A.B. asks: 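Below: one structure in structure tokens.
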2 protein chains.
Amino acid sequence: MATTVADILKANNLSITDSRKSILELFKLSKGALAHADIEKKSSAQFDRVTIYRTLQTFVDKGIIHTIPTADNSVLYALCKDDCSAGHHHDNHVHFICDSCDTTYCLDHVTIPSVNLPEGFTQKQTDVVVSGVCKNCE
Amino acid sequence: MATTVADILKANNLSITDSRKSILELFKLSKGALAHADIEKKSSAQFDRVTIYRTLQTFVDKGIIHTIPTADNSVLYALCKDDCSAGHHHDNHVHFICDSCDTTYCLDHVTIPSVNLPEGFTQKQTDVVVSGVCKNCE
DNA sequence: AGTAATGTGCAACAAAGTTGCAAATTATTT
DNA sequence: AAATAATTTGCAACTTTGTTGCACATTACT
Ligand SMILES: [Mn+2]
Ligand SMILES: [Mn+2]
Ligand SMILES: [Zn+2]
Ligand SMILES: [Zn+2]
């Protein structure tokens, strides 16, 4: 019994609506991370820009998706596969951006390496974004 | 004989103008990275928004400053201290963002750890952004 | 089915970034 | 040191991206 998108919404105390179902479905079907613009294009039904913004924000708040920092400072989102919850993300994995096909992957099994900070600096969170060529493009 | 901002501009074949001198000076005096908005505020003389955009882009192109990816996807810039040149950045250092004072540091002496990518993925560049509390705020 | 709670779309707005072009500044040549 | 050529600046106009308030629609609850 695979978890449906409705299950996920229910588990997070979110009303089950068309837009949330469609957008969450998109994430489940997508190989890589999605930007706001991708969702506007890919979703068969047409949702208002504002609805998409709010849906994404809600999903981030609930720990359903996480944002990914990129070198060109575009905003990307991907499903949380770790056990994230409202207010507590712990997506401690490396992200990979393919220079060729532009897909952004969550490398869920590549853990964040530890970093030796100078005296006086305390680490709380570490983001690692690697770019290069992905396995489909090599 | 310290290198003046004019020297840096000259070395990069850039005309020595008021805005470029002021903005470059700002970077030299600043402890941390600067956003476009910081420059608009901090520069004593008032420059047009467009001039600031273009100056920053020129400096990035010439390898004088580099951009820093951030979790909240704001665009930050900092001086390149490594031997970067036009078209060839190699700022292989860790960046640190203080959650308390919001300063972003280039940790020039903390080298990027290596990451074990899955089969088929080729690494070209790695960005590491650590957040936490800096030495001034602890 | 009826009511309360929540979410959506629209409109209007704000912020961020881009482009073309004339005027001003800087560099180069005489 | 002028004159000229090359580059840069500021303005205006525009695009793109993101935000907010509110009436209406949908979903959840009794
Ligand atoms: Mn991820
Ligand atoms: Mn740096
Ligand atoms: Zn690829
Ligand atoms: Zn600090």
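In this text, all values refer to a predicted model and were calculated from it rather than measured experimentally. Throughout, a chain's letter reflects where its sequence line sits, starting with A, and its residues are numbered from 1.
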A.B. asks: List the residues meeting side-chain hydrogen bond (donor to acceptor under 3.5 Å, both in side chains) with A/T70, not counting sequence neighbours, and say none if there are none.
C.D. replies: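 Only A/D72, A/S74 meet the side-chain hydrogen bond (donor to acceptor under 3.5 Å, both in side chains) criterion with A/T70.
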
A.B. asks: When you measure from the side chain of B/S30 to the backbone N and O of B/L26, does any donor-acceptor pair fall under 3.5 Å?
C.D. replies: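 Here the side-chain-to-backbone pair does not exist.
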
A.B. asks: Partners of B/N12 by side chain to side chain contact (heavy atoms under 4.5 Å, CB included), sequence neighbours excluded?
C.D. replies: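 In terms of side chain to side chain contact (heavy atoms under 4.5 Å, CB included), with neighbours along the sequence ignored, B/N12 is linked to B/I8, B/L14, B/K62, B/I64.
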
A.B. asks: Holding to ring-ring contact (aromatic ring centres under 6.0 Å, His included), I want the full list of residues that pass it with A/F59, two or more places apart in sequence or in another chain.
C.D. replies: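 Residues passing ring-ring contact (aromatic ring centres under 6.0 Å, His included) with A/F59: none at all.
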
A.B. asks: Applying ring-ring contact (aromatic ring centres under 6.0 Å, His included), can you list everything that pairs with B/F121, at least two apart in sequence or on another chain?
C.D. replies: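 Once residues adjacent in sequence are excluded, the partners of B/F121 under the ring-ring contact (aromatic ring centres under 6.0 Å, His included) criterion are A/F96, A/Y105.
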
A.B. asks: Is any side-chain heavy atom of B/L24 less than 4.5 Å from a side-chain heavy atom of B/L79?
C.D. replies: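 SC-SC contact between B/L24 and B/L79 confirmed.
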
A.B. asks: Take B/T17 and B/V75, find for each the nucleotide of DNA chain C with the closest heavy atom, and name the residue whose nucleotide sits nearer the 5' end.
C.D. replies: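 Nearest nucleotide further toward 5': that of B/V75.
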
A.B. asks: With clusters built from Ile, Leu, Val, Met, Phe, Trp and Tyr whose side-chain heavy atoms come within less than 4.5 Å, directly or transitively, what are the remaining members of the cluster of A/L76, listed by chain and number?
C.D. replies: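 ILVMFWY cluster around A/L76 also holds A/I68.
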
A.B. asks: Could you check if a side-chain atom of A/V75 sits within less than 4.5 angstrom of a side-chain atom of A/H36, using non-hydrogen atoms only?
C.D. replies: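 Result no, sub-4.5 Å side-chain heavy-atom pair not found.
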
A.B. asks: In degrees, rounded to 10°, what is the bend between the two ends of the helix from C/dA1-D/dT30 to C/dT30-D/dA1, using five pairs at each?
C.D. replies: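 Angle reported: 30°, given to the nearest ten degrees.
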
A.B. asks: Would you list the pairs meeting side chain to side chain donor-acceptor pair (under 3.5 Å) in which at least one residue belongs to residues 116-127 of chain B, sequence neighbours left out?
C.D. replies: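 Found B/Q123-B/T126.
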
A.B. asks: For B/I97, which fellow cluster members are found when Ile, Leu, Val, Met, Phe, Trp and Tyr are connected by side-chain heavy-atom distances below 4.5 angstrom, either directly or through intermediates?
C.D. replies: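 Its cluster partners, ordered by chain and number, are B/V129.
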
A.B. asks: Please list, by residue number, the residues of residues 49-58 of chain A whose heavy atoms come closer than 4.0 Å to an atom of DNA chain C; answer none if no residue qualifies.
C.D. replies: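 Result for residues 49-58 of chain A: A/V50, A/T51, A/R54, sorted by number.
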
A.B. asks: Go through the structure and list residues passing ring-ring contact (aromatic ring centres under 6.0 Å, His included) with B/Y77, not counting sequence neighbours.
C.D. replies: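 Expected list: none.
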
A.B. asks: Between B/D61 and B/T58, does any side-chain donor sit less than 3.5 Å from a side-chain acceptor?
C.D. replies: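 B/T58 and B/D61 do not have a side-chain donor-acceptor pair below 3.5 Å.
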
A.B. asks: Does anyone know the first and last nucleotide of DNA chain C in reach of chain A, 5' to 3', at under 4.0 angstrom to a heavy atom?
C.D. replies: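 In short, chain A contacts DNA chain C from C/dT6 to C/dA11.
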
A.B. asks: Of all nucleotides in DNA chain D with an atom under 4.0 Å from a non-hydrogen atom of chain B, which is the first and which the last going 5' to 3'?
C.D. replies: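 Span of nucleotides near chain B: D/dT7 to D/dA12.
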
